[in-house]
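Every chain is numbered from 1 and lettered A, B, ... according to where its sequence line falls, protein lines coming before strand lines. Heavy-atom basis, side chains included; hydrogens, waters and symmetry copies ignored.
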Amino acid sequence: MPELPEVETITRKLSPVLTNQEICSAELLWDGSLATPSPKEFCQILPGQLIENVSRRGKFIWITLSQYHLLIHLRMSGDLFTRPIADPIEKHDRVIINLTGSLSLVFNDTRKFGRIWLTRDPELVLGKLGPEPLTDSFSAEFLHTMLKEKHRQLKPLLMDQSFLSGLGNIYTDEALHIARLNPLRKSDSLTIDECIALREAIKDVLHEGILRNGASIDWVYKGGDFQNHFRVYGRKGEACPTCGAMIEKILVGQRGTHFCPTCQSKEE
DNA sequence: AGGGAAACCCGAACGC
DNA sequence: TGCGTTCGGGTTTCCC
């Protein structure tokens, strides 16, 4: 579930707490595959590393250490938070990184989809990510050019992290609704005016998500309240906030897709 | 090249 | 009440 706004919210919260802290030990409570390196190496490398910076790239949380980079992808059900070092282990804790102060940094993940990388070269992990939608260079003209280079369904393309980084299922549905674009439109069929609307919608929906501290859906990631402001996501059968027609749910690229058949009609 | 499907995983929600 | 089944969400990988 965590998409760009949720990851941004977590990052903003952790940055002032973690920056300049030193890691004293790490433990992995993990039976499955942690991408790199092996759990043993992981726990050997971390002690003594200083946390220099906490930021975000796409949906990855990026923790810069003195000699390594810790990259964390929360996927669906992951969460990252601090708690007093003396507190007991919670259900679904996967990684616990103890700081020299009184805090632990905890990676908790119910569904074990999340992944962590510890590497000297972050580009190995982040290299294929597409552009960030919240930068000035993400202009309508740029988006138009990008879309013209592909001939794909609009929604799966926007969710493709190598095309654009940060959008997941929820914010994509919301953005397409605001821009009044059908999720099945072929990417190279959009006019420049439609790209202007789409770029604005993507920025607006991400900014609103960040402003509301993300969306708390399922039992994952608590704190935000954007879920109470969704226009179409999870609202199958309800009235479209724009035109009042009934919101439909279809499958697009194997993903549940919510849209208004009237103001997001396929034509044009 | 694009798109469909399966795999990964587990708790919640649903059906009976 | 309790059991079994289905579902969803992000990504990768494989296949047509």
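As rounded to whole Å, 15 Å separates atom P of B:dA6 from atom CZ of A:Arg255. One can place CG of A:Leu74 at 17 Å from P of B:dC10, the figure rounded to the nearest angstrom. In this structure, A:Arg75 atom CZ and C:dT12 atom C1' are separated by 8 Å, rounded to whole Å. The nearest whole Å value for the distance from the CG atom in A:Asn169 to the P atom in C:dT11 is 11 Å. With rounding to whole Å, A:Arg94 atom CZ is found 16 Å from B:dC8 atom P. Here C:dT11 presents its P atom at 13 Å from CG of A:Asp109, a figure rounded to the nearest Å. Atom CZ of A:Arg111 and atom P of B:dA13 are 11 Å apart (whole Å). Nucleotide C:dG10 holds its C1' atom 16 Å from the CD1 atom of A:Ile116, rounded to whole Å.
Exactly one residue among A:Lys155, A:Gln153, A:Lys249 makes a side chain to side chain donor-acceptor pair (under 3.5 Å) with A:Thr257. That residue is A:Lys155. A:Val54 pairs in a side-chain contact (heavy atoms from CB on, under 4.5 Å) with only one of the listed residues (A:Leu105, A:Val17, A:Thr11), which is A:Thr11.
The closest donor-acceptor contact from the side chain of A:Ser187 to the backbone of A:Leu154 lies at 3.5 Å or more, if one exists at all. Although no hydrogens or angles enter the test, the distance criterion places a donor-acceptor pair under 3.5 Å between the side chain of A:Arg94 and the main chain of A:Asp109.
No continuous path of hydrophobic side-chain contacts links A:Phe230 to A:Met159 [ILVMFWY only; heavy atoms under 4.5 Å].
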Polar atom pairs (N or O), protein with nucleotides 1-5 of chain B, under 3.5 Å:
residue : atom : partner  : partner atom : Å
B:dG2   : OP1  : A:His151 : N            : 3.3
B:dG3   : OP1  : A:Lys186 : NZ           : 2.4
B:dA5   : N7   : A:Gln254 : NE2          : 2.4

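Residue contacts shown for A:Lys249 are limited to sugar-phosphate atoms, with no base heavy atom under 4.0 Å away.
Under 4.0 angstrom from either OP1 or OP2 of B:dG11 there lies at least one side-chain N or O belonging to A:His92. For C:dT11, the OP1/OP2 oxygens have a side-chain nitrogen or oxygen of A:Lys59 closer than 4.0 Å. For B:dC10, one of the phosphate oxygens OP1 or OP2 lies less than 4.0 angstrom from a side-chain nitrogen or oxygen of A:Lys112.
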field: side chain to side chain contact (heavy atoms under 4.5 Å, CB included) between A:Phe107 and A:Ile97, worked out
entry: CA-CA 8 Å; A:Phe107 174 59; A:Ile97 296 172; over 6 Å; no
message: Evaluate A:Arg235 against A:Glu248 for salt bridge (charged side-chain N to carboxylate O under 4.0 Å, His left out), listing each step before the verdict.
response: CA-CA 8 Å; A:Arg235 298 196 181 280; A:Glu248 288 183 11; over 6 Å; no
task: Assess whether salt bridge (charged side-chain N to carboxylate O under 4.0 Å, His left out) is satisfied between A:Arg180 and A:Glu194, documenting all intermediate values.
output: CA-CA 9 Å; A:Arg180 308 183 72 144; A:Glu194 288 174 324; over 6 Å; no
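Note on the helix from B:dG2-C:dC16 to B:dC16-C:dG2: angle between the axes of the first and last five pairs equals 60°, rounded to 10 degrees.
Considering only side-chain atoms of A:Phe113, the nucleotide from C:dG8, B:dG11, B:dC8 that sits closest is B:dC8. Considering only side-chain atoms of A:Lys91, the nucleotide from B:dG11, C:dG10, C:dT11 that sits closest is B:dG11.
Applying the side chain to side chain contact (heavy atoms under 4.5 Å, CB included) test to A:Glu27 and every residue at least two apart in sequence or in another chain returns A:Leu29, A:Ile96, A:Asn98.
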